[in-house]
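This report refers to the structure that appears directly beneath it.
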Amino acid sequence: TVADLKGMKQGQLRLSAITTAKYVIPRLLGPFCQRYPGVEVSLNVMNHEGLLDRLNQNLDDLYILSNPPESKDISCQPFLENPLVVLAPTNHPLAKEKNIPIERLNGEPFIMREPGSGTRSAVQELFDQKEVDVRVRLDLGSNEAIKQAIAGGFGISVLSRHTLALEGSMKRLTILDVQHFPIRRYWHVIYPAGKQLSVVAQTFFDYLLNEGRKVAQETADFKITD
Ligand code: PGA
């Protein structure tokens, strides 16, 4: 019966997630832990590079990241859309324009995530490909700090759209409608192939891929299309 199953789901769940997933994963943990009160969760939040380190050391049950390593030794499931958008202060001169050519970003004061960040690699890849040269004024290791810096007039940036979750009435930031954006990315749930997941980890994995998406939609300020 369901009650028996509930009783079985006890123990530790160790998760690592990239910084942008922290806007969603804690929200998903709420309903999960209510259903299985015997489960104790540890969630490590770090950038892409840090997460790969933990994976290599086999420290956690499940890892949530955008850019899964290309390896046969990984089991990998796409989980949720993670679009990257151009964020600017609401009073930015381009704020009202539509379909802005990406070259217009040349020379724009820009706030970049720190080296080792997956967001940063994705942004740099697109800018390199399109030969766009923004003026990086600041390197910042935190999505929240970058949002504050944008609001403070330091420049524009490219961040996961999920970083706007729960932003509500704080309307100091806007998304610029720049060509080639959003950069389409996905979060994936991965774990070492062949590793036997604990009952708890397997249950959370299934929960993420089924109900997790619905809960995530409630937090996101945009329509998740997958
Ligand atoms: P980051 O990862 O926190 O390393 O920028 C986010 C991502 O790759 O989507």
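FYI, side chains are in, hydrogens and waters are out, and symmetry mates aren't considered; it's all heavy atoms of this structure. Whatever order the structure lists ligands and atoms in, that order sets their numbers, starting from 1.
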Is the shortest distance from a Lys or Arg side-chain nitrogen in [X] or [Y] to a carboxylate oxygen in the other one below 4.0 Å?
X	Y	answer
Asp60	Arg54	yes
Lys214	Glu211	no
Arg120	Asp139	yes

Is there a ring-ring contact (aromatic ring centres under 6.0 Å, His included) between Tyr186 and Phe79 once you walk through the steps?
CA-CA 7 Å; Tyr186 285 83; Phe79 155 54; over 10 Å; no
**Request:** Specify whether Tyr191 and Phe205 have parallel, tilted or perpendicular ring planes, treating 30° as the upper limit for parallel and 60° as the lower limit for perpendicular.
**Result:** perpendicular
Q. Please walk me through it: do Gln10 and Val39 pass side-chain contact (heavy atoms from CB on, under 4.5 Å)?
A. CA-CA 5 Å; Gln10 300 223 343; Val39 175; 6.0 Å; no
Pocket residues around ligand 1 (non-hydrogen, under 4.0 Å) come out as Ile18, Thr19, Thr20, Asn47, His48, Ser66, Asn82, Arg113, Ser117, Gly118, Thr119, Arg185
